[in-house]
J.: 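Once you've had a glance at the structure underneath, I'll fire off some questions.
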Amino acid sequence: MSLDPDDTRPAFQQVSSALRADILTGKYVPGDQLPSGPELTRHFGVAKATIQRALDQLRDDGLIVTRKGKGSFVRQRTERPVGLRPHLEAAFSEPQVTIDFAGFSSETLHNAIQEPLDKVRSGRLTPQSITVRLLLPDSSAPMAVPVLVDGLRDDSDLRQRAGQIGQTNAGGIKHSVEVLAELGLVQSATVEIRLYRASPLFKLYIINGAEVFFGYYPLRQRTMTVNGSEKEFFDITGKDTTLFHHSSGPDESSIGSQYVSQSRRWFDSAWSSIAFESQA
């Protein structure tokens, strides 16, 4: 397997990305030993030092462990802080891509999904279908956050601002995904947005029905001018959210499998029972 000459990333990042995809898609499962350094060098057609840097990156990401004199092994993964972006890229290597999101604004997803979408546009990733469901809060009614610091009072300007952030990012995801089908780059691509009357204090991603990423939004006090008036209010900070990763395994009774199953059940129930179509 040779590296993609059109990929502008350094060779070690391309190698680590390919191995990461193999791990996250189950080609190598927890406990499996990766091919040896010389085998990987021949497979990718790169130098030994490049393979070493790629393995170092996978170790830093917590995906593998190295045992002296024995080699590198896929680690037994449970709950741990992770980054969303590399897992999304791996998900887009599958024929059918599904992404379910529940949270405040989908801003992180909007940013993280752009790289794999760019690779679909360039032909480096070739899924057949992409289906995205976004479950966002209804900002037309009072919410737990954002609220004014003074008496925790509701403020329509703050709610309108929060709603606009959510709709802007969701609209961006919808356009960038669905245009792939219009261009004939995938067979089907749909993004559906639904609102529900709740104030999410956590974010949830379900990727390809087999991986879950979950994190609590930190709350902080902010001062900002909104519609010409300075306001002091409590807000959430999505970019500071620590995500934890759970993945389905061969054993349905494992913690990861149970977490994925329950997350899917919760999302589907909220989606079908208390959510309504966004009018944006």
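Scope of the values below: all heavy atoms of this structure, side chains included, with no hydrogens, waters or symmetry mates.
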J.: If every non-hydrogen atom of Leu84 is compared with every non-hydrogen atom of Ala112, which pair is closest and at what distance?
T.: CD2-CB, 4.2 Å

J.: Grab the two heavy atoms, one from Ala90 and one from Ala21, that are nearest each other, plus how far apart they are.
T.: CB-CA, 3.8 Å

J.: When you compare the side chains of Ser140 and Asp138, does any donor N or O come within less than 3.5 Å of an acceptor on the partner?
T.: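 Yes, side-chain donor-acceptor contact under 3.5 Å.
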
J.: Measure the spacing between OG of Ser188 and CG of Leu180 and express it to the nearest 0.5 Å.
T.: 11.0 Å

J.: Taking atom types as modelled and ignoring hydrogens, do the side chains of Gln13 and Ser16 form a donor-acceptor contact shorter than 3.5 angstrom?
T.: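 Looking only at side-chain atoms, Ser16 and Gln13 do not form any donor-acceptor pair under 3.5 Å.
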
J.: Nearest 0.5 angstrom please: Lys27 NZ to Leu19 CG, how far?
T.: 8.5 Å

J.: Going by an N to O cut-off under 4.0 Å, is there a salt bridge joining Arg153 and Asp150?
T.: yes

J.: Share the residues that join Phe214 in a hydrophobic cluster, the rule being Ile, Leu, Val, Met, Phe, Trp or Tyr side chains under 4.5 Å apart at the heavy-atom level.
T.: Leu135, Tyr196, Phe202, Leu204, Ile206, Val212, Tyr216, Tyr259, Val260, Trp266, Phe267, Trp271, Ile274

J.: Identify, with sequence neighbours excluded, every residue that meets side chain to side chain contact (heavy atoms under 4.5 Å, CB included) alongside Thr241.
T.: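 Residues passing side chain to side chain contact (heavy atoms under 4.5 Å, CB included) with Thr241: Lys203, Tyr217, Pro218, Leu243.
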
J.: Working to the nearest 0.5 angstrom, can you tell me the gap between Leu88 CG and Leu109 CG?
T.: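 Leu88 CG to Leu109 CG: 6.5 Å, rounded to 0.5 Å.
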
J.: How close do Gln33 and Gly71 get, heavy atom to heavy atom, and via which atoms?
T.: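 Where Gln33 meets Gly71 most closely, the heavy atoms are NE2-CA, 4.0 Å.
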
J.: Nearest 0.5 Å, what's the OG1-CZ distance between Thr190 and Arg133?
T.: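 Between atom OG1 of Thr190 and atom CZ of Arg133 there are 10.0 Å.
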
J.: Are Arg194 and Glu277 ion-paired here, with the side-chain N under 4.0 Å from a carboxylate O?
T.: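 Yes, charged N to carboxylate O under 4.0 Å.
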
J.: Between atom OG of Ser139 and atom CD of Gln164, what is the distance when rounded to the nearest 0.5 Å?
T.: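 If I round to the nearest 0.5 Å, the distance is 8.5 Å.
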
J.: How about Asp155 and Met143: do any of their side-chain heavy atoms sit closer than 4.5 Å?
T.: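 No, side chains not in contact.
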
J.: How would you list, by chain and number, every residue that makes a ring pair (Phe, Tyr, Trp, His ring centres under 6.0 Å) with Phe101, sequence neighbours excluded?
T.: Tyr205

J.: Looking only at side chains, do Glu232 and Gln221 share a donor and an acceptor under 3.5 Å apart?
T.: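 A donor-acceptor contact under 3.5 Å links the two side chains.
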
J.: Between Pro35 and Tyr28, is any pair of side-chain heavy atoms under 4.5 Å apart?
T.: yes

J.: Pair Leu134, Glu192 - check side chain to side chain contact (heavy atoms under 4.5 Å, CB included), show working.
T.: CA-CA 6 Å; Leu134 304 176; Glu192 190 174 357; over 6 Å; no

J.: Does the side chain of Gln114 come under 3.5 Å of the side chain of Asp118 through a donor N or O and an acceptor N or O?
T.: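 Side chains of Gln114 and Asp118: no pair found under 3.5 Å.
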
J.: Quick check: closest heavy atoms across His245 and Ser247, and the distance to 0.1 Å?
T.: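 Shortest heavy-atom contact: NE2-CB, 3.9 Å.
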
J.: Check Ala170 against Leu136 and note the closest heavy-atom contact, atom names and distance.
T.: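 Nearest heavy atoms, Ala170 then Leu136: CB-CD1, 3.9 Å.
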
J.: Hey, what do you get for OG1 (Thr225) to CD (Glu230), rounding to the nearest 0.5 Å?
T.: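 Interatomic distance, Thr225 OG1 to Glu230 CD, rounded to 0.5 Å: 5.0 Å.
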
